[in-house]
Amino acid sequence: MKMMLARFWDGLFPIPAVSAREAFLLRALLATALYWFFPTSMQIHAQPEPVGLAHGFDLTWLSAPGIFPVYRAGFLGLLIFYSAGMALPLTLPLLTLAHILPATLHNSQGFTYHGNQIMSLTLMGLSVMTAWFALAGKRESRVRASASRSLLVLAVAIGTASVMWKLEKTFSLNLLGTYLWPSGPALAAGWCNVGLFIATMLCILSGPAAITKAWTERGAPSPIVRSWSLVTAQFVVGSAYLISVFSKMIRSDGQWLVNSYYVALDFVKTQRQTYYSGLDPQFAGDPPGYIVMMMQHPFFTALFFDAGVALEAGLIFAVGNRRWGFAFGITLIFMHVTIAKIMNLFFPTHVAMLAIFWVAPLLLGRLWPETIAPDRPHRR
């Protein structure tokens with residue numbers, strides 16, 4: 001019976017083999033997303049309704065003159081060390097704390113922004129995972145780099161962060177495409193900004209990774225840590241969506257699936273709120289035709305939204321499976337884009353995490369498949 005349960009569990013949640021190259025690119029893509037969404041400035045000088053750590057600490061020091069640019073540069077330095085795979089049991093907790101503090105100060109103003117939690121939770125999950133392997137003393141998790149190589153990575157991280165600090169005083173790295181293509185369409189310039197920023201960050205992060213030989217086995221996280229890093233991140237993201245499902249069911253006393261067609265009315269409310277917030281004339285007219293159609297056909301509207309809830313609930317069961325993860329990731333990204341189109345409500349951090357940990361693994365796994373030796377511990 002135990003063997004049957006173990007086989008069922010391994011089949012339901014497999015531990016994929018992750019090559020060193022794939023692991024580096026996943027870390028680099030996460031670091032790029034974290035830096036892209038990290039605030040460029042902080043001008044909050046009070047925390048009237050503290051949340052989380054703000055209950056015990058005054059975080060307004062982040063808004064003191066000259067502090068946040070240095071803080072942001074230090075955050076980049078931690079991202080460089082993380083991308084190189086160096087000292088992950090220490091680097092990841094520091095990175096998690098550095099990511100949480102500005103978001104906590106921002107959420108201590110009396111309103112909550114839901115765009116940071118999924119990234120902070122992923123960093124927290126990765127911190128616990130790496131700490132577990134370090135404290136458990138598993139031999140497979142300790143692939144050490146030399147002290148000289150570690151010091152060289154530290155020097156490169158500090159130097160790169162300093163250069164980026166200087167560059168961001170001149171122009172925003174998030175707007176590289178706009179600077180190079182000032183007369184281009186806004187949408188094209190936006191995608192150009194994203195593409196150039198990702199390319200720039202990958203170039204910056206690949207230097208320390210090459211120093212630590214992250215493209216080979218030596219000096220990089222071990223196979224078991226690489227595999228569990230991907231699985232942990234997927235579990236955290238999948239759990240975040242599962243919590244969304246439970247919150248819908250709990251707050252509606254189990255009636256959400258039956259009454260989901262009322263969401264169409266929220267579209268009208270959102271349009272009205274958008275108009276009265278900025279008096280934008282494009283939102284002054286009647287609701288678009290597809291919203292009217294949704295209100296006229298409540299049964300099919302309910303099926304449409306219930307399918308989205310089913311996707312959120314089923315995402316957790318695709319953990320560790322590259323093909324199913326890719327399918328769920330692409331479908332959920334399409335769902336987010338559709339919601340953004342019809343509700344003007346977009347969660348870019350969720351889309352980024354889905355793209356990195358659900359869509360990318362299938363593509364990267366095809367490019368750099370990992371060969372598993374019989375004695376290599378790649379499963380639980």
Side-chain angles (χ1 to χ4, degrees), residues 27-47 50-109 113 115-117 119-120 122-124 126-127 150-176 178-179 193 196-209 211-212 349 352:
R27 292 195 304 271
L29 288 173
L30 177 58
T32 300
L34 288 168
Y35 197 63
W36 173 274
F37 292 109
F38 200 71
T40 57
S41 62
M42 186 63 61
Q43 302 296 329
I44 301 175
H45 302 283
Q47 44 189 47
V51 298
L53 293 174
H55 283 294
F57 302 93
D58 183 3
L59 303 179
T60 56
W61 59 270
L62 291 168
S63 299
I67 293 296
F68 202 76
V70 178
Y71 187 89
R72 182 174 165 85
F75 184 73
L76 176 61
L78 288 173
L79 289 175
I80 293 173
F81 229 60
Y82 164 68
S83 300
M86 297 292 294
L88 293 182
L90 175 62
T91 302
L92 274 167
L94 292 176
L95 194 57
T96 304
L97 181 62
H99 188 264
I100 288 176
L101 291 185
T104 302
L105 179 59
H106 184 272
N107 285 350
S108 297
Q109 306 308 302
Y113 173 64
N116 294 312
Q117 286 93 329
M119 288 185 158
S120 295
T122 301
L123 289 173
M124 191 177 300
L126 292 173
S127 299
S150 301
L151 292 175
L152 184 56
V153 173
L154 178 61
V156 171
I158 295 174
T160 305
S162 301
V163 171
M164 295 283 280
W165 179 28
K166 294 289 185 181
L167 288 175
E168 290 199 333
K169 285 188 174 182
T170 306
F171 61 90
S172 175
L173 295 177
N174 291 3
L175 300 176
L176 288 173
T178 304
Y179 284 108
N193 288 334
L196 287 175
F197 183 83
I198 292 175
T200 301
M201 287 295 293
L202 289 179
C203 291
I204 291 171
L205 300 174
S206 62
I211 294 172
T212 58
T349 51

Enquirer: Between Phe68 and Pro39, what is the shortest heavy-atom contact and its length?
Expert: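 In this case the closest contact between Phe68 and Pro39 is CE2-O, 3.1 Å.
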Enquirer: Does Arg27 use its side chain to pair, donor to acceptor, with the backbone of Tyr82 at less than 3.5 Å?
Expert: yes
Enquirer: Thr60 side chain to Ala46 main-chain N or O, any donor-acceptor pair under 3.5 Å?
Expert: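 It does not hold such a pair.
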Enquirer: Side chains of Ile44 and Leu59: closer than 4.5 Å at any heavy-atom pair?
Expert: no
Enquirer: Going from CG on Leu205 to CZ on Phe81, what distance comes out if it is rounded to the nearest 0.5 angstrom?
Expert: 13.0 Å
Enquirer: To the nearest 0.5 angstrom, please state how far the CH2 atom of Trp61 sits from the CG atom of Leu105.
Expert: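 Taking CH2 in Trp61 and CG in Leu105, the distance rounds to 10.0 Å.
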Enquirer: To the nearest 0.5 Å, tell me how far Phe37 CZ sits from Asn116 CG.
Expert: 9.5 Å
Enquirer: So if I apply the side chain to side chain contact (heavy atoms under 4.5 Å, CB included) rule between Met201 and each of Leu76, Leu34, Leu29, which one comes out positive?
Expert: Leu76
Enquirer: Do any side-chain atoms of residues 87-98 form donor-acceptor pairs under 3.5 angstrom with protein atoms, and if so which ones, sequence neighbours left out?
Expert:
{"from": "Thr91", "atom 1": "OG1", "to": "Met86", "atom 2": "O", "distance (Å)": "3.0"}
{"from": "Thr91", "atom 1": "OG1", "to": "Ala87", "atom 2": "O", "distance (Å)": "3.0"}
{"from": "Thr96", "atom 1": "OG1", "to": "Leu92", "atom 2": "O", "distance (Å)": "2.8"}
{"from": "Thr96", "atom 1": "OG1", "to": "Leu123", "atom 2": "O", "distance (Å)": "3.3"}
{"from": "Thr96", "atom 1": "OG1", "to": "Ser127", "atom 2": "OG", "distance (Å)": "3.0"}

Enquirer: Measure the acute angle between the ring planes of Phe75 and Phe38, then classify it against the limits of 30° and 60° as parallel, tilted or perpendicular.
Expert: parallel
Enquirer: Out of curiosity, Leu202 CG to Thr32 OG1, how far, rounded to the nearest 0.5 Å?
Expert: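 Taking CG in Leu202 and OG1 in Thr32, the distance rounds to 5.0 Å.
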Enquirer: With a 4.5 Å limit on heavy-atom distance, are the side chains of Met42 and Leu101 in contact?
Expert: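 No - every pair of side-chain heavy atoms lies 4.5 Å or more apart.
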Enquirer: To the nearest 0.5 Å, tell me how far His99 NE2 sits from Leu79 CG.
Expert: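 Answer rounded to 0.5 Å: 9.0 Å.
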Enquirer: Taking the side chain as everything from C-beta on, heavy atoms only, tell me whether Thr104 gets closer than 4.5 Å to Phe57.
Expert: no
Enquirer: When you measure from the side chain of Gln47 to the backbone N and O of His55, does any donor-acceptor pair fall under 3.5 Å?
Expert: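 Such a contact is absent between Gln47 side chain and His55 backbone.
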Enquirer: Any idea which heavy atoms bring Ser108 and Pro50 closest together, and the distance?
Expert: OG-CA, 3.5 Å
Enquirer: Rounded to the nearest 0.5 Å, how far apart are CG of Leu78 and OG of Ser83?
Expert: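 So the CG of Leu78 and the OG of Ser83 are separated by 10.5 Å.
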